[in-house]
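Here is how names work: the chains are called A, B, and so on, in the same order as the sequence lines, proteins then strands, and each is numbered from 1.
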2 protein chains.
Amino acid sequence: MMDQTHAIEQDMKLEIADYIIGLIQRNQMAAHDRLPSENELAKRFGVNRNTVRRAMDYLKARDRIYAQKGKGLFVAPSQEQIVFPQINNIGFSEIFQNYPYQYESKLLKWSLVRAKAELSRILEIQEGELIYKVKFLRSVQEKPLAVCISRIPQKMVPDLQAHLTLDCSINHILKQVYHYEHPVCKFVTAEAVMPLAKNMKLLEVNESVPMLKQISRFDVPNVGPVEHYTVYARGDRFKLDIQF
Amino acid sequence: MMDQTHAIEQDMKLEIADYIIGLIQRNQMAAHDRLPSENELAKRFGVNRNTVRRAMDYLKARDRIYAQKGKGLFVAPSQEQIVFPQINNIGFSEIFQNYPYQYESKLLKWSLVRAKAELSRILEIQEGELIYKVKFLRSVQEKPLAVCISRIPQKMVPDLQAHLTLDCSINHILKQVYHYEHPVCKFVTAEAVMPLAKNMKLLEVNESVPMLKQISRFDVPNVGPVEHYTVYARGDRFKLDIQF
DNA sequence: CAGTGGTCTAGACCACATA
DNA sequence: ATGTGGTCTAGACCACTGC
């Protein structure tokens, strides 16, 4: 079962994980095949089930396997990642108009808050000014993909809440209701982070799936900054693409 | 110690983690302050030390605390992240010429391999053609930041190994030795992943620190694709910045 | 009902740091 | 020598699945 001359890993977890990865890479197991149960693996490797569990957690975080409670562990399929082109004048809703994926955007909540230092700097407003904060859940193919938070100065969109519907698009509202030009992205930052507890449930991920966090600012031409936009996208389903 | 009327978290780990986050956010603990030991926290919360450990793992992955073996747990400072501007004609070495950071690039290994399907498609060569694969470790302020892998068709850089030194720059070699124009980035993809076991030691991170994985292609003007470039950057220290 | 993954307790040994 | 975090064993209970 195990290599007879395996290197002293001194970390049973990685040893077990490597063994499973080897099985998958050598095509001895295909996508959605069921792995031996945790108890079975513990017996075979002569370790405690807790050690097996840590190895499985490692593999889940790296998207090699997935678990179904009561059923078992399964080999994860090669992920079909959503490639998201980062273009400076286009948003989620517009991207997916040209994609063959079933796409859905759901309004989660909105609130009126006061701008703190960092936010007021980026939006070029005074600290303490009122800001609409609107949170969306974006899903593709019925599976959640990203949590997005728009922050827009109230003075630019008075009475915004009157136009927020369950499946509204901010860009659409800015154009149709407030008659702004199409906002343009001035910058994006992207970083890898671990999910916040509150987003784990929304995005249906466990705590070990990495997220791509993006912060951007959108301006209306000849008007100025209109939107501070934060995206937490599932790392296993989302890939940013920048063309030059 | 604990909230008297705390919500039933049904997950002691998150409850403990939230408590520590609260301490930090309310400024009751400052950066580099020492937390109570794991045994102490276990006593206070009336849970087993294993549960405390899982809570601490959660906080470490999110960069709220760090551990020192034999010493204790400490509040992590607000991370000074390296902001890396994604511009289409500039590489690591050139970026850091204009930064006040102490920067170092170290050649880890090189090898000559055959191109597989995906790689040959991107570099627009035949499958099986020989490719130089060169691996670097980039460090900033004495701390490792990213592992970078360059893949360059052998026919474009014959005898490359003769010019590889411990602190060489690929762009510099392409220009000075092979007299190419400065390569230009045609595209970049960025995604969040968990670290590979082999990169964990190099980058001095544990398995729960997310990585920003970037793949890009560089072309020499009027010549064509020259380099396939993969970067695994520490999520806690690296942020991508795109200006429009 | 038995088997599965998810969470937790209890206790052990190690390597490392500090006094 | 004591205390720390890091790893592991042994065993428990739960919620869920499928027979």
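Spacing between atom CZ of A:R53 and atom P of D:dT7 amounts to 17 Å, rounded to whole angstrom units. Between the CG atom of A:L41 and the C1' atom of C:dG5 there is a distance of 12 Å, rounded to whole Å. Put simply, CG on A:N39 is 15 Å from P on D:dC13, counting in whole angstrom units. Distance, A:L73 CG to C:dG3 P: 17 Å, rounded to whole Å. Spacing between atom CD of B:E40 and atom P of D:dT2 amounts to 19 Å, rounded to whole angstrom units. The distance from atom CG of B:D11 to atom C1' of D:dC13 is 15 Å, rounded to the nearest whole Å. Rounded to whole Å, the distance from CG on B:N206 to C1' on D:dG5 is 12 Å. Look at CD on B:E38: it is 21 Å from P on D:dT2, rounded to the nearest Å.
A:S208 and A:N206 are linked by a side-chain donor-acceptor pair at a separation below 3.5 angstrom, with hydrogens and angles left out of the test. Judged by distance alone, the side chains of B:Y132 and B:Q161 do bring a donor and an acceptor atom under 3.5 Å apart.
Within 4.0 Å of B:R54, counting heavy atoms only, lie sugar-phosphate atoms of the nucleic acid but no base atom.
At the phosphate of D:dT2, neither OP1 nor OP2 sits under 4.0 Å from any side-chain N or O atom of B:K71. The phosphate of D:dG18 has neither OP1 nor OP2 within less than 4.0 Å of any side-chain N or O from A:K69. Between A:R49 and D:dG11, a side-chain N or O to OP1/OP2 separation shorter than 4.0 Å is absent. The side chain of B:S37 places no N or O atom within less than 4.0 Å of a non-bridging phosphate oxygen (OP1 or OP2) of D:dG3.
The listed nucleotides are C:dT7, D:dA15, D:dC8; the one nearest the side chain of A:T51 is D:dC8. Residue B:K13 has its side chain nearest to C:dC8 when only D:dT9, D:dG5, C:dC8 are considered.
The main-chain N or O of B:P195 is found under 3.5 Å from a side-chain atom of A:R62 such that the two form a donor-acceptor pair.
For the pair A:T230/A:R151, a side-chain contact is recorded, criterion being any heavy-atom separation below 4.5 Å from C-beta on.
Remark: aromatic rings of A:F92 and A:F136 are distant, center separation not under 6.0 Å.
Residue side chain B:N50 reaches the base of C:dG11 through a donor-acceptor N/O pair under 3.5 Å, judged by distance alone.
Summary of the strand contacts: B:V47 and A:K60 both lie near DNA chain C, and taking for each the nucleotide with the nearest heavy atom, the more 5' one is attributed to A:K60. Where A:N48 and A:G70 each meet DNA chain D at their nearest nucleotide, the meeting point lying more 5' is that of A:N48.
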